[in-house]
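We count ligands from 1, going down the list as the structure has it; atoms in each ligand are counted the same way.
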Amino acid sequence: MSSPAISLSYARGIQGEVTLPGSKSIANRAFLLAALAEGSTRLENMLLSDDTARMREALTALDVSMESGDEATQILVHGKGGRFSTARAVELFLGNAGTAMRPLAAVLAASDGEFILTGEPRMYERPIGPQIEAMRQIGADIEYLAESGYPPLRIRGTSLYGGTITLDGSLSSQYVSAILMVLPLLPQDSQLQLTGEVVSAPYIHLTVAMMRSFGAQVEVVSDREYRVKGGQGYKSPGVYWIEGDASSASYFLAAAAIAGGPVTVHGVGSASLQGDKKFADVLAKMGARVTYAERSITVEKGDALRGGDFDLNAIPDAAMTIATTALFAKGATRIRNVYNWRLKETDRLHAMATELRKTGAEVVEDADAITIVPPATIHHGTIETYDDHRMAMCFSLLAFAPAGVTILDPACCKKTFPDYFQTFQSLLT
Ligand SMILES: O=C(O)C1=C[C@@H](OP(=O)(O)O)[C@@H](O)[C@H](O)C1
Ligand SMILES: C=C(OP(=O)(O)O)C(=O)O
């Protein structure tokens, strides 16, 4: 069922400070690595959202014990000290969380038991074939329960042998991250070789950094070759702090660039592991004034915003925010090399083009790119969100257009940021 629409009327400015909710990407990796580790880990600044709830429920069903601390965002995870093991078949519903489906498919293939991985209908349209093909090279027993190459999956856990794995990294970096995370659990050494143009590369670097924080060594031979020793397992770091979500930061930073600011986001900065911190560099190229500190970023309006031609393959999530920011810039903006937008919560290239046109913008949708020519005056639009949190959050920037905006089903942002609209509206002036 969809939530009531929200209408944002014209706001002249935005100003203030935002403490960001935890990063979805880091939170779900931290949950999984803590669950596999030897010892207990206190996760701090945990994101409480749909995607992390799906991972937490799955781990609980796998007999991982967890307790919330004094604050709901503190969770103590008692690690299993190795692979999961269940006597009965376990069915796990993973919603539309790519960061749960892909890593769990990898780790469960090396666990002991039988597992059925299900999700929302859209999850069954998001490919996982390249990951499964790669895992079959080392002995994984994984069956597609509906269409070949897509979830739902039946996994019969077994001892994977390690060795050389070849993986096509051109559709999703999540396949690479998922396979990397299972390798320290295998008895033998492994070598992962990537083929195709590797997309969303910073998420792979994030995975490697987090594996190291949980005590596993990974040798990065090149951007296409990784070596991992077998039999290492993971060790708890004791406490692990989850950075603020850099993709969630993008909406506030773009708003400041459009409407004045200054806005400071706390929880992400120059020291962050997340690639999406570089979103602010794109805003700077468009004319905004950006200041980085180690754990915060401040943006304010600089020169009038101007469009540009950007390859945003490395930051596909924050890239969506550039598409709506482009409506406020002078000249055209082209966002390139984002083919895999089509494989996410919705076909984002098509959804974005369709909804941007409602504002009067001239939009060209290519196979892997979008070009946006802003209208002289941005029209009011009633924006469909396609059950895609980022569609809802991106289009909130139209609060700075004189006619405002109406956003349908805004609650879909609970996938990663349940109180986004309250936070956003509290900063408007
Ligand atoms: O590994 C991750 O945490 C993610 C990787 C990216 O996906 P792709 O690698 O499929 O682009 C990103 O879009 C997603 O939101 C989170
Ligand atoms: C692509 C996204 O999600 P997922 O982790 O499900 O791939 C996203 O959050 O923009």
**Message:** Checking contacts here: is it the side chain or the backbone of Ser173 that comes within 4.0 Å of ligand 1, counting heavy atoms only? Could be both or neither.
**Reply:**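 Contact part for Ser173 vs ligand 1: both backbone and side chain.
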**contact_flag Met101 ligand 2 heavy-atom lt 4.0 Å** =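 Flag not set, Met101 not near ligand 2.
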**Message:** Could you check whether any heavy atom of Met320 sits closer than 4.0 Å to an atom of ligand 2, since that is the contact criterion I want to use?
**Reply:**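 No, Met320 has no heavy atom closer than 4.0 Å to ligand 2.
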**Request:** For the pair Phe328 and Phe400, name the ring-plane relationship: parallel under 30°, tilted 30 to 60°, perpendicular over 60°.
**Result:**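 Perpendicular, since the angle between the ring planes exceeds 60°.
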What are the atoms of ligand 1, with element, lying closer than 4.0 Å to any heavy atom of [X]?
| X | result |
| --- | --- |
| Thr99 | 2 (C), 3 (O) |
| Asp317 | 12 (C), 13 (O), 14 (C), 15 (O) |
| Ser200 | 8 (P), 9 (O), 11 (O) |
| Lys24 | 14 (C), 15 (O), 16 (C) |
| Asn340 | 8 (P), 10 (O), 11 (O) |
| Lys344 | 6 (C), 7 (O), 8 (P), 10 (O), 11 (O), 12 (C), 13 (O) |
| Ser172 | 8 (P), 9 (O), 10 (O) |

**Request:** May I ask you to check whether Phe252 and Tyr420 place their ring centers less than 6.0 Å from one another?
**Result:**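 Aromatic pair counts; centres sit under 6.0 Å.
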Could you check whether [X] pairs with [Y] (Lys NZ or Arg NE/NH1/NH2 to Asp/Glu carboxylate O, under 4.0 Å)?
| X | Y | result |
| --- | --- | --- |
| Arg154 | Glu114 | yes |
| Lys415 | Asp50 | no |
| Arg227 | Asp189 | no |
| Asp317 | Arg348 | yes |

**Asked** With a 4.5 Å heavy-atom cut-off, do Leu206 and Val208 have their side chains touching?
**Response**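 No - every pair of side-chain heavy atoms lies 4.5 Å or more apart.
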**Prompt:** With side chains defined as the heavy atoms from C-beta onward, is the minimum distance between Val64 and Met66 less than 4.5 Å?
**Reply:**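 With C-beta onward as the side chain, the pair touches.
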To the nearest 0.5 Å, tell me how far [X] [atom1] sits from [Y] [atom2].
| X | Y | atom1 | atom2 | answer |
| --- | --- | --- | --- | --- |
| Met352 | Asp388 | CE | CG | 8.0 Å |
| Arg390 | Glu345 | CZ | CD | 7.0 Å |
| Lys414 | Leu48 | NZ | CG | 14.5 Å |

Any atoms of ligand 2 less than 4.0 Å from a non-hydrogen atom of [X]? List them with their elements.
| X | answer |
| --- | --- |
| Arg348 | 1 (C), 8 (C), 10 (O) |
| Lys415 | 3 (O), 4 (P), 6 (O) |
| Asn96 | 6 (O) |

Do any nitrogen or oxygen atoms of [X] lie less than 3.5 angstrom from nitrogen or oxygen atoms of ligand 2?
| X | result |
| --- | --- |
| Arg102 | no |
| Ala97 | no |
| Arg390 | yes |
| Lys344 | no |

**Arg102 heavy atom under 4.0 Å from ligand 1** =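 In this structure, Arg102 fails to qualify as a contact of ligand 1 - no heavy atom is under 4.0 Å.
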**Message:** For a side-chain contact (heavy atoms from CB on, under 4.5 Å) check, start with the C-alpha distance between Leu183 and Tyr226, then their side-chain angles and the critical distance, and finish with the verdict.
**Reply:** CA-CA 10 Å; Leu183 298 182; Tyr226 298 82; over 6 Å; no
**Message:** Could you identify the single nearest non-hydrogen protein atom to atom 2 (C) of ligand 1 and state the distance to 0.1 Å?
**Reply:**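 Sorting protein heavy atoms by distance from atom 2 (C) of ligand 1 puts Tyr203 CD2, 3.3 Å first.
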**Item:** Test log, rule side chain to side chain donor-acceptor pair (under 3.5 Å), inputs Arg29 and Thr207
**Value:** CA-CA 8 Å; Arg29 284 167 172 79; Thr207 303; 3.0 Å; yes
**Request:** Can you figure out which of Arg29, Glu345, Gln174 has its heavy atom closest to atom 4 (C) of ligand 1?
**Result:**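 Result: the heavy atom closest to atom 4 (C) of ligand 1 is in Gln174.
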**Item:** Nearest option to atom 7 (O) of ligand 2, as decided by whichever heavy atom of Arg126, Lys24, Glu345 sits closest
**Value:**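 Result: the heavy atom closest to atom 7 (O) of ligand 2 is in Arg126.
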**Message:** Checking contacts here: is it the side chain or the backbone of Thr99 that comes within 4.0 Å of ligand 2, counting heavy atoms only? Could be both or neither.
**Reply:**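 Both of them.
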